[in-house]
Amino acid sequence: MPSLNALRAFHAVASAGSHAAAAGELGVTTSAISRQISNLEECVGVALLVRDGRRMRLTADGRALEEGLEDAFALIADALNRLRRPVRGERLRVVAPPMLASCWLLPRLDRFRAFRPETEIVLIDSAERTAVAGRFDLAVSWGRFEDGPAATAERLSEAEEVFPVCRPGVCAGDGLAGATLLHYETVGNSWGWPGWPEFVEATGLDRAELNDGPRLAPALLLDAVRRGKGVMLANDALAHDDLASGRLVRPISASMKTGESYWILTSRDASDRPEVLAFRNWLKNEFAVCFGRRGALAA
């Protein structure tokens, strides 16, 4: 068998049409290309190239060899590309509160996939305040956390504020007078989302002017507000995109400090994996971009 270097040199000359062009393509000297072609012709016992003016022309034997090499080099390239593909199974399990997952995180996942396409994201929405160990690689949760035996905790946001949001036109006139209040239905060990009683007491609203509406699961609450069924309590993350697009507005300027924050919980078993580190850094950057400066009250 001739050397692979000789075959590469011949293939380059056949494609480029000259020794000089082939030398530039392979990063070698013209004399090295000539030497490799001579060695190849001596090995196979036939002429492969003849000079035609300033260009090199393939002989009949040269064309036959080039056709075979074209397929052979394509097979080699394909085999190398398969080796370079990311290892299968780079799967990242992310747990997030239902409304944050659907309103804020899901619409932004394409940006992470563009940055790291080899990582398969499994997004799990969970109303549990703390994700069950073993179910996640990384979780976003609401509340107050410390490092534990199963996961490390890192604050993702400052203490959050909640405020009313509704569809434009739902609240007639000023304030919330006559508004229907939609409530978040907590189930089991749910994250402690503040309710209307706490908000009314903290802001001094007249409870008698407000109408109690239904208690809804997280998956239904924001959809009901978007359909004009009432007013809900949201924060910057949950309402960000809807306020920016004008789908929802803040009918009053009042807000309530909760003392709670979003946190990143990272499983200790997965903390050193590159995809986990990449997603954690991406998530922190997305929060900083969105909420580094609090937006003005929606009109």
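Residue numbers run from 1 in the order of the sequence given. On a predicted model such as this, the values are computed, not experimentally measured, just so you know. Every heavy atom of this structure was used, including side-chain atoms; hydrogens, water molecules and symmetry mates were not.
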Item to check | Residue pair Arg113, Thr119: steps toward the side chain to side chain contact (heavy atoms under 4.5 Å, CB included) verdict | outcome: CA-CA 7 Å; Arg113 292 183 63 197; Thr119 300; over 6 Å; no
List the atom of [X], the atom of [Y], and the distance in Å for their closest heavy-atom pair.
| X | Y | answer |
| --- | --- | --- |
| Ala22 | Ala16 | N-CB, 4.0 Å |
| Pro164 | Ala254 | CD-O, 3.7 Å |
| Arg268 | Gly148 | NE-O, 2.7 Å |

With sequence neighbours excluded, what pairs up with [X] under the side chain to side chain donor-acceptor pair (under 3.5 Å) test?
| X | answer |
| --- | --- |
| Ser38 | none |
| Thr29 | Ser31 |
| Arg227 | Asp223 |

Item to check | Leu65/Leu48 under side chain to side chain contact (heavy atoms under 4.5 Å, CB included): CA gap, chis, key distance, verdict | outcome: CA-CA 8 Å; Leu65 178 59; Leu48 301 173; 3.8 Å; yes
Next on the checklist: For residues Leu4 and Leu40: do they belong to one hydrophobic cluster (side chain heavy atoms under 4.5 Å, members Ile, Leu, Val, Met, Phe, Trp, Tyr)?
Outcome noted: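 Yes, Leu4 connects to Leu40 through the hydrophobic network.
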Checklist entry - Any chain of hydrophobic side-chain contacts (each under 4.5 Å) joining Leu277 to Leu265? => result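 Hydrophobic grouping puts Leu277 apart from Leu265.
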Nearest 0.5 Å please: distance from the [atom1] atom of [X] over to the [atom2] atom of [Y].
| X | Y | atom1 | atom2 | result |
| --- | --- | --- | --- | --- |
| Leu222 | Leu182 | CG | CG | 10.5 Å |
| Leu233 | Glu161 | CG | CD | 12.5 Å |
| Ser267 | Asp269 | OG | CG | 4.5 Å |
| Arg273 | Ser271 | CZ | OG | 10.0 Å |
| Ser253 | Phe163 | OG | CZ | 11.5 Å |
| Phe115 | Trp282 | CZ | CH2 | 10.5 Å |

Item to check | CA sep, side-chain torsions, deciding dist, call: Phe10, Leu58, side chain to side chain contact (heavy atoms under 4.5 Å, CB included) | outcome: CA-CA 10 Å; Phe10 169 73; Leu58 292 170; 3.6 Å; yes
Is the number of heavy atoms from other residues, nucleotides or ligands within 6.0 Å of [atom1] ([X]) greater than 12?
| X | atom1 | answer |
| --- | --- | --- |
| Glu198 | CD | yes |
| Asp272 | CG | no |
| Arg8 | CZ | no |
| Glu154 | CD | yes |

Checklist entry - Tyr184 versus Leu216: any side-chain heavy-atom pair under 4.5 Å? => result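 Counting from C-beta outward, Tyr184 and Leu216 never come under 4.5 Å.
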Taking the side chain from [X] and the backbone from [Y], do they hold a donor-acceptor pair closer than 3.5 Å?
| X | Y | result |
| --- | --- | --- |
| Thr258 | Glu160 | yes |
| Asp137 | Ala270 | no |
| Thr152 | Asp147 | no |
| Arg167 | Val225 | no |
| Trp142 | Glu260 | no |
| Asn285 | Asn281 | no |
| Gln36 | Ile33 | no |
| Ser157 | Tyr262 | yes |

Atom pairs and distances, donor-acceptor, side-chain atoms in residues 98-111, under 3.5 Å, two or more places apart:
unit_1, atom_1, unit_2, atom_2, d
Ser102, OG, Pro98, O, 3.2
Ser102, OG, Met99, O, 3.4
Arg108, NH1, Trp104, O, 2.9
Arg108, NH1, Asp241, OD2, 3.0
Arg108, NH2, Asp241, OD1, 2.8
Arg111, NE, Glu286, OE2, 3.2
Arg111, NH2, Glu286, OE1, 2.8

Next on the checklist: Is it true that Ser18 and Arg55 share a donor-acceptor pair across their side chains at a distance under 3.5 Å?
Outcome noted: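 No, no side-chain donor-acceptor contact under 3.5 Å.
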Checklist entry - So, Asn235 and His240: side-chain donor and acceptor under 3.5 Å apart, yes or no? => result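 Not at all, the side chains of Asn235 and His240 share no donor-acceptor pair under 3.5 Å.
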Checklist entry - By salt bridge (Lys or Arg N to Asp or Glu O under 4.0 Å), which residues pair with Arg247, not counting sequence neighbours? => result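 Partners of Arg247 under the salt bridge (Lys or Arg N to Asp or Glu O under 4.0 Å) test: Asp242.
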Checklist entry - Of all residues at least two apart in sequence or in a different chain, which pass the salt bridge (Lys or Arg N to Asp or Glu O under 4.0 Å) check with Glu70? => result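 Not a single residue meets the salt bridge (Lys or Arg N to Asp or Glu O under 4.0 Å) criterion with Glu70.
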Checklist entry - side-chain contact (heavy atoms from CB on, under 4.5 Å) with Glu275: which of Arg280, Arg116, Arg91, Glu118? => result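 Only match with Glu275 under side-chain contact (heavy atoms from CB on, under 4.5 Å): Arg116.
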Item to check | Geometric class of the Phe199/Trp196 ring pair [parallel <30°, tilted 30-60°, perpendicular >60°] | outcome: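 Perpendicular, since the angle between the ring planes exceeds 60°.
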Next on the checklist: Walk me through whether Leu49 and Arg57 qualify under side chain to side chain contact (heavy atoms under 4.5 Å, CB included).
Outcome noted: CA-CA 6 Å; Leu49 294 162; Arg57 179 170 54 82; over 6 Å; no
Checklist entry - Should the pair Arg93 and Phe136 be classed as cation-pi, given the thresholds of under 6.0 Å to the six-membered ring centre and 45° from the axis? => result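 Pair Arg93/Phe136 does not count as cation-pi.
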